[in-house]
2 protein chains.
Amino acid sequence: MGLAKTEIFTDKQNEIAQYAKVFGHPARVAILQYLFKLNACVCGDLVDEIGLAQPTISQHLKELKQVGLIKGNVEGTSVCYCIDADNWKKMKSVMSEFLNQDLDKKECC
Amino acid sequence: MGLAKTEIFTDKQNEIAQYAKVFGHPARVAILQYLFKLNACVCGDLVDEIGLAQPTISQHLKELKQVGLIKGNVEGTSVCYCIDADNWKKMKSVMSEFLNQDLDKKECC
DNA sequence: TTTATTCATTGCAATATTACGATTAAAGGG
DNA sequence: CCCTTTAATCGTAATATTGCAATGAATAAA
């Protein structure tokens with residue numbers, strides 16, 4: 001069906017999945033890494049930096065914005081993007097809790 | 001196209017995206033949480049635990065197995081699943097490096 | 001041997017994702 | 001007022017994902 005049955009899962013599970021889904025494409029990972037590397041806003045060179053067409057980059061930026069991980073700021077004809085630090089921290093805490101589950105004392109096959 | 005252009009990204013970026021993609025569905029998150037909660041192998045009650053049909057669960061388990069995060073052990077007619085601790089640690093180190101990028105000193109919009 | 005149980009696989013329908021050309025909208029420069 | 005630049009949006013093709021009914025394979029139980 002291509003449609004996840006989100007209603008049968010907890011809010012937390014859906015939240016983790018939603019964040020993870022955004023990271024689930026290398027272009028979005030690359031965009032975020034670039035934003036981190038620059039220590040500043042990026043005004044448009046993402047299309048040159050990553051090797052994808054402008055509409056494609058724009059679409060990926062939109063998804064990153066929708067989950068709140070980046071902010072965009074209009075500056076003349078161009079738009080400046082950067083990491084939303086507060087939301088990144090929130091996301092990190094949700095994902096860390098999931099990733100750091102206790103691996104000890106597992107009676108395993 | 002529905003097909004990611006993985007060749008234009010680094011191995012690390014593709015690796016992060018591949019792990020994240022697996023976490024990008026709440027059913028797989030739920031399966032992993034259940035495996036963690038039990039502290040032991042799970043032999044088949046995943047279908048009852050999660051509310052999805054058996055073939056659907058089987059498919060999600062396959063994807064988790066393919067990235068190495070779980071192991072399956074045949075035991076008579078049933079199969080026991082559990083977290084692959086070594087690979088989980090490897091995944092965690094890759095994901096943590098990505099999530100824990102430096103948020104300070106960002107001149108932002 | 002027959003039957004039941006458990007799980008994987010196959011096949012398919014519905015929907016989502018990825019990518020990009022074409023177009024549009026908005027702001028600036030002349 | 002045009003023209004350029006920049007980025008969002010639209011439309012569409014190709015592919016991927018999700019979910020399940022039906023079926024198959026393997027072992028256990030009778």
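Labels below follow one simple rule: chain letters A, B, ... track the order of the sequence lines, proteins then strands, and each chain is numbered from 1. All values reported here derive from a predicted model rather than from experimental measurement.
One can place CG of Asn73(B) at 17 Å from P of dT6(C), the figure rounded to the nearest angstrom. Counting to the nearest Å, the P atom of dG19(D) and the NZ atom of Lys62(B) are 16 Å from each other. Atom NE2 of His25(A) and atom P of dA16(C) are 18 Å apart (whole Å). Between the C1' atom of dA19(C) and the CG atom of Leu61(A) lies a distance of 14 Å, rounded to the nearest Å. For the pair Lys71(A) NZ and dA7(D) P, the interatomic distance rounds to 18 Å; values are reported in whole Å. For the pair Ile31(B) CD1 and dC7(C) P, the interatomic distance rounds to 13 Å; values are reported in whole Å. For the pair Gln59(B) CD and dA14(C) C1', the interatomic distance rounds to 14 Å; values are reported in whole Å. Rounding to whole angstrom units, CG of residue Leu64(B) and P of dA8(C) are separated by 12 Å.
A donor-acceptor pair under 3.5 Å links the side-chain atoms of Ser96(B) to the main chain of Lys92(B), judged by distance alone. Checked by atom type and distance alone, the side chain of Trp88(A) pairs as donor or acceptor with a backbone atom of Leu99(B) at under 3.5 Å.
The base of dA8(C) sits within donor-acceptor range of the side chain of Gln54(B), with an N or O pair under 3.5 Å.
Distance from the side chain of Lys65(A) is smallest to dA8(D) among dA8(D), dT9(D), dC20(D). The nucleotide whose nearest atom lies closest to any side-chain atom of Lys5(A) is, among dT6(C), dC20(D), dA8(D), dC20(D).
Residue Glu63(A) is classed as a sugar-phosphate contact, given heavy-atom separations below 4.0 Å to backbone atoms only. Note on Ile57(A): nothing from the nucleic acid sits closer than 4.0 angstrom, heavy atoms only. Within 4.0 Å of Ser78(A), counting heavy atoms only, lie sugar-phosphate atoms of the nucleic acid but no base atom.
Contact annotation: the side chain of Leu103(A) approaches that of Phe36(B) to within less than 4.5 Å [non-hydrogen atoms, C-beta and beyond]. Side-chain atoms of Lys12(A) and Glu97(A), non-hydrogen and from C-beta on, do get closer than 4.5 Å to each other. Using a 4.5 Å cut-off on side-chain heavy atoms (C-beta onward), Phe98(A) and Met95(B) make no contact.
Neither OP1 nor OP2 of dA27(C) sits under 4.0 Å from any side-chain N or O of Thr77(A). Phosphate contact (OP1/OP2 of dA16(C), side-chain N/O of Lys21(A), threshold under 4.0 Å): absent. The shortest distance between the side-chain N/O atoms of His60(B) and the OP1/OP2 oxygens of dG19(D) is below 4.0 Å.
Take the nearest nucleotide of DNA chain C for Leu3(A) and for Ala4(B): the residue whose nucleotide is more 5' is Leu3(A). Mapping Val42(A) and Gly76(B) onto DNA chain D via the closest heavy atom, the residue that lands nearer the 5' end is Val42(A).
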